[in-house]
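What follows is a short report on a single structure.
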Amino acid sequence: MRAKRIDKDPFRLGVASGDPQPGSVVLWTRLAPEPYALDSGMTDEPVTVTWELASDKDFGTVVAEGEEIAHPEWKHSLHVVPEGLDADTAYWYRFKTGEWTSPTGRTRTAPAADAAPDSLRFAFLSCQNFQGGYFTALGHLAEEEVNAVVFLGDYIYENAVTPDGGDRHDPDLKLPAAHNAETVSLEQYRLRYALYHADPDLRAAHAAHPWIATWDDHEVENNYAKDVSQDNDPKDKFLIRRAAAYRAYYENMPLRPPQKPDGPDLTLHRRLSYGTLARLHVLDSRQYRDDQSNGDGWKVPSDETNRPERTLLGSAQESWLAEGWKASDAVWDLVPQQVVLSRRYADGTTPHKVSMDAWDGYPAARERFLKAAKATPVENLVVLTGDVHVAYAFDIKQDFDDPKSKNHGVELVATSIASGGDGAEKPDDWEAQTKANPHMKFYDGRRGYVLVTLDAEKLRADYRTVSKVTTPGAPVTTAASFQSLKGDPGLKPV
């Protein structure tokens, strides 16, 4: 397709950047003049797109530029990686094709490997179910000052979306019938990402900050485990679905070339450093895990649950993580991952029920995780978690049965952006869970994200929440703030 034949704005999905390194960053866009249509308004022809990266928002000083081909085989998505950039520097970028110019995005490179930044700030978040409500929190996130956004999974949901957007009840949306079906095929996953990227709050958050993303289950199917479908589909059939989902994920996220999928496989675990102050060890707890025991859900652990060889990360990723910890010289080691690591009893009833989908359902794997961290130079372990549609703050205990035992580190759990609807400050099980888990320092069921600010002496976590997502425009407030000191892990209210 020649650029002049595109007669509608092809940049309606916005722009994004991601995976910052000291000298480079990924720039992303995808051409889609008609986001809600199966073909996105594009023909099966390649399109030439130019890009620019500047040191100012007016593009008075362009520091890098080039020309790329948006191929139909990759749904006209682009992943541009300009090299030779200055470390710890803000840049602005845009794309052009024919008469059309994309929105401007702002990104930032990481500090140099030997730099010691005075401070860093990350936002982390998860679970943005379109049909659960508006992405109001993302609009507020676009206004925050952060080095990067860390997304912890469930970027899309595979369930059918009604014409009015489910709980959004937007009469002006009028989605075509193709959206009102569960995503299974490649074209369906592509269509679902287009729906999400067309959301103005999500576009704003992507344009404002570089993102570091990992997935959880709903990018494919709820609670899948490796090659095991929740619905027990034949494995060969499910792997075809997984291949489609992984390909669409890569097409629609600002990921580097090493993350390009190979059929049903995509290497997503990776490491990013922010000078000597922070290192991020990004995990994937879906692609390699053993199936949930006891039929999943909240159950009393069984002999199968406690089997010592059970894994959540797979042996290769476990070794990769341990080796990365051994080599780390960072003050803070952050581990963005998917499901709750700390022990979480449902209530005080014995024998205790725990979540089979979280690390509680893989206790031997959790023990290996904590043992590996303890055997390395890592002194300040910070686990960043999503998945559960509520906000938690945990001290990670050496012995969860002894509240007075030492802490391995801290775990910060982000609530959802929209999944679960409006939520409540104190969910129905708030009292039962807080009493049964003394290492749980905070529990809130509203929607939002978490800001994590680091310096050489302390970590601060600010839980940012909105009151409603079923109607647009709710303000954002700070529900709680906690602090943990270098060398003395443990969360205390600020």
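All values derive from a computational prediction rather than experimental measurement.
Under the rule for a side-chain contact (heavy atoms from CB on, under 4.5 Å), the partners of A148 that lie at least two apart in sequence or sit in another chain are F122, P210, I212, Y274. Residues satisfying the side-chain contact (heavy atoms from CB on, under 4.5 Å) test with E318, not counting sequence neighbours, are T311, L313, A365, R368. For R307, the salt bridge (Lys or Arg N to Asp or Glu O under 4.0 Å) partners two or more places apart in sequence, or in a different chain, are E304, E309. Partners of A373 according to the side-chain contact (heavy atoms from CB on, under 4.5 Å) rule, which considers only residues two or more places apart in sequence or in another chain, are W325, L381. D236 pairs by the salt bridge (Lys or Arg N to Asp or Glu O under 4.0 Å) definition with nothing, not counting sequence neighbours. In this structure D291 satisfies the side-chain hydrogen bond (donor to acceptor under 3.5 Å, both in side chains) test with no other residue, sequence neighbours excluded. Remark: D265 pairs with R242, Q287 by the side-chain contact (heavy atoms from CB on, under 4.5 Å) rule, at least two apart or across chains. Here R344 pairs with nothing under the salt bridge (Lys or Arg N to Asp or Glu O under 4.0 Å) rule; sequence neighbours left out. Residues passing the ring-ring contact (aromatic ring centres under 6.0 Å, His included) test with H389: none are found, sequence neighbours excluded. Judged as a side-chain hydrogen bond (donor to acceptor under 3.5 Å, both in side chains), and not counting sequence neighbours, the contacts of S342 are E411. With sequence neighbours left out, the salt bridge (Lys or Arg N to Asp or Glu O under 4.0 Å) criterion links D329 to R279.
Here the options are R464, R446, R447, the test is side chain to side chain donor-acceptor pair (under 3.5 Å), and the partner is T415; only R447 passes.
Taking the ring centroids of Y155 and H197, they lie under the 6.0 Å cut-off.
Within the structure, every pair that satisfies the salt bridge (Lys or Arg N to Asp or Glu O under 4.0 Å) test and touches residues 386-396, not counting sequence neighbours, is listed here: D395-K441.
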